[in-house]
Amino acid sequence: MNNDIIEAKSLAKSFRIGLKRKKILHSISFNIEKEEIFGFLGPNGAGKTTTIKILTGLLNYDSGEVKVFGVKPGEKEARKKTGFLPEQPYFYEHLTGYEFLEFTGKLYGMDNKALKKKIPELLEIVRLKDAGRKRIRTYSRGMLQRIGIANALIRDPELLILDEPLTGLDPIGRKEIKDLIFEQKKRGKTVFFSSHILPDAEQICDRVGVIFNGKIIKIGPLNEILKERITSYEIILRNINENVLNGLNFVKIGNEIVIRTKEEDIESILRNLFEKSNDFKIVKISPEVYTLEEWFVEILKEKNE
Amino acid sequence: MSRIFTISKNTFRELTRQKIFFIIVLFGFVMLFISFFLYPLSVGEQSKIIRDFGLSAITFFNTLLVIIVGSTLLHKEMDKRTIYLVITTPVERREIIIGKFLGLFFIVLINIVGMEVFHQILIFFTDHKFDLKMFIALFPYLFEVSIIICILLFFSTFTGTLFSAFMGFAFYVIGHLIESLKLFAEISKSLFLKIFSYFFYYFLPNFEHFNIKREIVYGEIPDKEYFIFSICYGLIYIILILYISSLIFEKKEFK
């Protein structure tokens, strides 16, 4: 059975700029499975927001095929099941947080009774309980982001599409949003979000797609992507005399010695050390993997070259 | 239907919380009040002057309110990107157009009624009696102002605020001078100008159909046929323009 919530095949989009058309998306394909957290990563201008706008029906596409819950994006059936947070969201400043949630809740077809129960719960979740009755124009950047998240969650959607949800938040705010995203996954929801805050994305994504200049250059489970990029190995030793380490690239951290080396040299280094001394302890031998951020910078450098 | 009501309620609430709304309404009331002081200047015609001036002030300030506020109805949503949060809910785009129309219409309706009540108080002070026929004069005007709202919404779906406001004003002026267009067509010697003038005469809304201020001030109440015709004429334009606006808005992309 097809488990895909979103399916995009050869999706292309261009905008007219003056007399010319500029291609923004070059035939991108991806799928988002049920109950996964998918991080859509890329530098500014890569095509992340354009893709999200297509998925939410705000933009049409030139060619290709896109399905959200099996129907064209923007169709009522898809909108009913989707919660959306735009990038740098703007709200009706004349409304209070409570009134705004009441407004969008009613557009989702919720009645007053359901809203009276749901809105205080959501305001509590996004830590806006006290600010719920204040006009949105008095909200800080972080509060706006949080009321936007509450809005995306109002109808308990099956799919959350969040455009840069972590931008503009302090570390505590980011943690809260990440916890909230995790919570949605636990509840069987699917989350598609774009971000350029890579360490955060690294912590919460099941899979990532990397978009650059309108093309998806990598897509897959995060651990597999990062496994491809083992830079070196670390051998951590304890109780070893530094004199036997002559000629090796090492650092001392507390009472431990960390040796960095290539995979093929591990065996010879250890054999050599055991010949000189046999009373030290091997604490750990582990591959040193790029962080998502290092990998990302590296791959963009390659593409730019 | 409940979604249309939700959008119209939000539009109503948004507009009534704007300063510009209060400024225009306040000016309207001030103008009505000024008519009270014209009373001693109009020897023999006092009653008519206060009625005529009052009705003109009500229609002028409500048209002004509609053009200024109505031209920003959709643009503000698009510029501030609040429309993203509405479009992505299960609301139909035509419901947004109709909701916006109704939101502004109800504001104008309440404002007209409020101004006319004030006008009646002024009439009472001068004539020592109310003249409820004035309300009848304002009934066809509701259709005129509704058509202007529709025109503003129509242009807002594909042009900017200033252009929408300009077109709203242009339609208002042409709509009141349209009989001159017919006269021009009749006397024009150029076939092209004749066809051009006749086309616009029949195509553009004739707002003079909704203007019975003079008749009412002079105590004449038009017959039932006039009101049936005005209602049908107004509704045809309102439905048609809202329908075309919805079709355009349905295809609109939000970059």
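Every chain is numbered from 1 and lettered A, B, ... according to where its sequence line falls, protein lines coming before strand lines.
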> So how far is it from Ile148(B) CD1 to Leu153(B) CG, rounded to the nearest 0.5 Å?
12.5 Å

> Tell me whether Glu176(A) is salt-bridged to Arg127(A), with the criterion being a basic N under 4.0 Å from an acidic carboxylate O.
yes

> Aromatic ring centroids of Phe124(B) and Phe130(B) under 6.0 Å?
yes

> Should Thr157(B) and Ile97(B) count as side-chain neighbours, where that means a heavy-atom distance under 4.5 Å?
yes

> With a 4.5 Å limit on heavy-atom distance, are the side chains of Phe171(B) and Phe154(B) in contact?
no

> Could you please state which residues from residues 11-24 of chain A sit under 4.5 angstrom from chain B, measuring non-hydrogen atom to non-hydrogen atom, sorted by number, or 'none'?
Lys13(A), Phe15(A)

> Does any heavy atom of chain B fall under 4.5 Å from the side chain of Ile161(A), the backbone, both, or neither of them?
neither

> Side chain, backbone, both or neither: which part of Lys106(A) has a heavy atom under 4.5 Å from chain B?
both

> Counting only heavy atoms closer than 4.5 Å, note whether Glu95(B) contacts chain A via side chain, backbone, both or neither.
neither

> For each of Thr50(A), Thr49(A), Thr56(A), Asn60(A), tally heavy-atom pairs with chain B at distances under 4.5 Å, and name the one with the top tally.
Asn60(A)

> Would Phe91(A) and Phe100(A) count as a close aromatic pair, with their ring centres under 6.0 Å?
yes

> Quick check on the 6.0 Å ring-centre criterion: do Tyr84(B) and Tyr90(A) meet it?
no

> May I ask you to check whether Asn213(A) and His26(A) show a side-chain donor-acceptor distance below 3.5 Å?
no

> So, the side chain of Tyr92(A) versus the backbone of Phe103(A): is there a donor-acceptor pair under 3.5 Å, distance only?
no

> With chain A as the partner, which of Lys80(B), Lys251(B), Lys252(B) has the greatest number of non-hydrogen pairs under 4.5 Å?
Lys80(B)

> Hey, would you say the Tyr233(B) and Tyr237(B) ring centroids sit under 6.0 Å apart?
yes

> With respect to chain A, which residue among Ile83(B), Ile7(B), Leu85(B) yields the maximal number of heavy-atom pairs within a distance under 4.5 Å?
Leu85(B)

> Are the aromatic ring centres of Phe193(A) and Phe38(A) under 6.0 angstrom apart?
no

> Measure from the side-chain N and O atoms of Lys48(A) to the backbone N and O of Pro43(A), and report whether any donor-acceptor pair falls under 3.5 Å.
yes

> So which bits of residues 63-77 of chain A come within less than 4.5 Å of chain B, counting non-hydrogen atoms only?
Lys76(A)

